Amino acid sequence: MLDIKKIRENPELVKDSLTRRGEDTGIVDTLILHDEERRRLVYEVEKLKQRRNEVSNEIAEMKRKGQDTKGAILEMRQVGERIKEMDNAIRQIERKVNDILLSIPNIPHESVPYGKDESENVEVRRWEEPESFDFEPKPHWEIGANLGILDFERAAKISGARFTVFRGAGARLCRALIAFMIDLHTSEHGYTEVYPPVLVNTESMIGTGQLPKFAEDMFKCEGTDYYLAPTAEVPVTNLYRDEILSHDDLPIYHVAYTPCFRAEAGSAGRDTRGLIRQHQFDKVELVKFVKPETSYDELEKLVNNAEEVLKRLGLPYRVVMMCTGDVGFTAAKKYDPEVWMPSYGKYVEISSCSNFEDFQARRANIRYRPRPGAKPEYVHTLNGSGVAIGRTVAAILENYQEADGSVVIPEALRPYMGGLERIEA
RNA sequence: GGAGAGAUGGCUGAGUGGUCGAAAGCGCUCGCCUCGAAAGCGAGUGGGUGGGUAGCCCCCGCCCCGUGAGUUCGAAUCUCACUCUCUCCGCCA
């Protein structure tokens, strides 16, 4: 959410942001119109309330003196009615203002390149070139099925399309990756582990920006106010919702493993095979709460933390900076580390690291005191996958496959696999 | 699921329908004292928002005592609904 005061003072800035994102700018004028009307009404009703407060005190005084209060009470009864009407009008217009505010995307940082869509994202670096195979490499869904560690048919029977059963060494590989990543981030990168609920309420979903705009992407539990969290970003960022943190609490780094749930509405036909696009997948997520002046340094460190996972696993990757047309609703700046996926013949997103500045903090009301006694200010929030488990499994299977159909376990993972060096049929 | 108790400022904890935004204590900030610190003493310490002035340095107002409605000239205080916490019973991973 953007600051209504800032929008009021500089509507062109917001319009420019929307234009760079390739969106319509009309709502800004509508918003400002509503906001002016709202302020006019507030000003009027507050004068009435002041009058009511004054006279009410006079009535108390008069009663104490035993004077007649009938006239004053009668007058105030009318004032009270008028106040009630105006309060209702204000409530309605405030709802409009708020709905619009919640629907305006974040302003991209000045360092974000202009571009209309994902084709104009900018590659910022690469780590290791993909290995070429001296045999025809198989896609991970074939490798996994042949090894008996991925079972898509039975998952379809249990649940439906876009689900997977991991089995034997496959299941263990998931568990190993989770433990490996959490250990790396806690012991070497300074993150504190949390294990949060994955059923979250509407407030939390609004706080991080999934709602109200992206409701169709989420699973909701019928008859409840619970959504299945699409990412640990939601519960972990909302940890400190409606709190005022002390300046020496910051920065706060959290790492969380959770399953993630996505309806994938509108992506029918895309990535239908394999682990790439699932309704349920596991992810280790990194979340930061930082002082505003440090947030862009923190973003770079966050990306590096995600990259370190891929380096240790020996998976070739590149890092892409999202352009204005693809940076996403909530982010001011975003990097996507992408892993090399032989079956796709290209790099595939395996992490997504964003600086939201105060966009989420304002929605979720997460603040801190810059110094003791100072006015609270909004923190900056960041998060990034560190990294997605399912896609990492896919990347390992494909990049570490051998001609005989077996898969070598990356060395960093072997301690977590009971010393297993290779998955064989 | 049943019965009961409760929800007040960073924390603990008072509160009669009428100067209660709220006592007191703790904590915190500043000052005095001290070579320094502690103790002691003194002062100050909530969050929003509208307007004035202009950018939170001031001034005026409005709102906030779990959330939302209601009664009243006036509600932290009365009524209703909801949420959450705690205790007991039942059920249960």
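In what follows, every chain begins at residue 1, and chains take the letters A, B, ... in the order their sequences are listed. Keep in mind it's a predicted model, so treat the numbers as computed, not measured.
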- Query: CG of A:D87 versus P of B:G68: gap in Å, rounded?
  - Reply: 13 Å

- Pair A:Y368 and A:Y240, ring centroids less than 6.0 Å apart: no

- Item | Given B:G50, B:C73, B:G47, the nucleotide with the shortest approach to the side chain of A:I244 | B:G47

- Complementary nucleotide of B:G27, counting Watson-Crick and G-U pairs under 3.5 Å: B:U45

- Message: For B:U16, give the paired nucleotide (Watson-Crick: N1-N3 plus N6-O4 or O6-N4; G-U: N1-O2 and O6-N3; both under 3.5 Å), or none.
- Response: none

- Message: Mind checking if A:R40 touches a base, just sugar-phosphate, or nothing, with heavy atoms under 4.0 Å?
- Response: nothing

- Return yes if a side-chain donor-acceptor contact under 3.5 Å exists between A:T330 and A:N106, otherwise no. no

- Task: Look at A:N53 and B:C62 and indicate whether a side-chain polar atom (N or O) is within less than 4.0 Å of OP1 or OP2.
- Result: yes

- Message: Distance check needed: B:G47 C1' versus A:R369 CZ, whole Å only.
- Response: 9 Å

- Presence of A:R51 side-chain N/O under 4.0 Å of B:C62 phosphate oxygens OP1/OP2: no

- Message: Under a 3.5 Å threshold, yes or no: a donor from one side chain and an acceptor from the other, between A:N88 and A:R91?
- Response: yes

- Carboxylate-amine/guanidinium proximity below 4.0 Å for A:E85 and A:R82: yes

- Message: Just N and O in the side chain of A:K49: are any of them under 4.0 Å from OP1 or OP2 of B:U49?
- Response: no

- Measure from OH on A:Y378 to P on B:G47 and round the result to the nearest Å. 13 Å

- Query: Which whole number of Å gives the distance between the P atom of B:U12 and that of B:A75?
  - Reply: 28 Å

- B:G50 P sits how many Å from A:L41 CG, rounded? 13 Å

- Task: Test for a donor-acceptor pair under 3.5 Å between the base of B:G61 and the side chain of A:E46, counting only N and O atoms.
- Result: yes

- Message: Using atom P in both nucleotides, what's the gap between B:C64 and B:G1 to the nearest angstrom?
- Response: 33 Å

- Item | Gap between atoms CD1 and P, on A:I83 and B:U72 respectively (whole Å) | 14 Å

- Judged by nearest nucleotide, the residue sitting upstream toward the 5' end of RNA chain B, A:I73 or A:A60, is A:A60

- Taking the side chain of A:R39 as heavy atoms from C-beta outward, which of B:G51, B:G61, B:G47 is closest to it? B:G51

- Task: Take atom C1' in B:G10 and the same atom in B:C88, then report the distance between them in whole Å.
- Result: 33 Å

- Using atom OH of A:Y368 as one end and atom P of B:G47 as the other, report the distance to the nearest whole Å. 15 Å

- Message: Using the P atom as the point on both nucleotides, what is the distance between B:G4 and B:C60, in whole Å?
- Response: 49 Å

- Task: When you get a sec, tell me which of B:G74, B:U71, B:G18 is the closest nucleotide to the side chain of A:I59?
- Result: B:G18

- Side-chain N,O (A:N365) to OP1/OP2 (B:G47) below 4.0 Å: no

- Query: Quick one: A:D242 CG to B:G48 P, roughly how many Å, whole number?
  - Reply: 12 Å

- Task: Determine the interatomic distance between P on B:U87 and the same-named atom on B:U71; round to the nearest Å.
- Result: 38 Å

- Would you confirm whether the ring centroid of A:Y253 sits within less than 6.0 angstrom of the ring centroid of A:H185? no

- Query: Which nucleotide sits closest to the side chain of A:Q50: B:C62, B:G48, B:G51?
  - Reply: B:C62

- Task: Could you let me know what B:A37 is paired to, Watson-Crick or G-U wobble, both distances under 3.5 Å, or none if it's on its own?
- Result: none

- Report which part of the nucleic acid A:K63 touches: base, sugar-phosphate, or nothing (heavy-atom distance under 4.0 Å, all strands). base

- Would you say a side-chain N or O of A:R8 is under 4.0 Å from OP1 or OP2 of B:G50? yes

- Item | d(CD, A:E37; C1', B:G50) in whole Å | 15 Å

- Item | Complementary nucleotide of B:G66, counting Watson-Crick and G-U pairs under 3.5 Å | B:C82

- Comparing A:D35 and A:E9 on RNA chain B - which has the more 5′ nearest nucleotide: A:D35

- Message: Could you check whether A:K283 pairs with A:E285 (Lys NZ or Arg NE/NH1/NH2 to Asp/Glu carboxylate O, under 4.0 Å)?
- Response: yes

- Message: On the nucleotide B:G46, are OP1 or OP2 found under 4.0 Å from the side-chain N or O atoms that A:R367 carries?
- Response: no

- Message: Considering every strand and a 4.0 Å limit on heavy-atom distances, what is the contact class for A:K70: base, sugar-phosphate, or nothing?
- Response: nothing

- Task: Determine the Euclidean distance between corresponding C1' atoms of B:C65 and B:G6; express it in Å to zero decimal places.
- Result: 15 Å

- Out of B:G47, B:A69, B:G50, which has the shortest distance to the side chain of A:R91? B:A69

- Item | Pairwise C1' distance, B:G51 and B:G42 [rounded to whole Å] | 36 Å

- Message: Over 60° means perpendicular and under 30° means parallel, so tell me whether A:Y191 and A:H189 are parallel, tilted or perpendicular.
- Response: perpendicular

- Message: Using the P atom as the point on both nucleotides, what is the distance between B:G74 and B:C62, in whole Å?
- Response: 15 Å

- Item | Nearest non-hydrogen partners of A:L382 and A:E298, listed with the distance | CD2-C, 4.0 Å

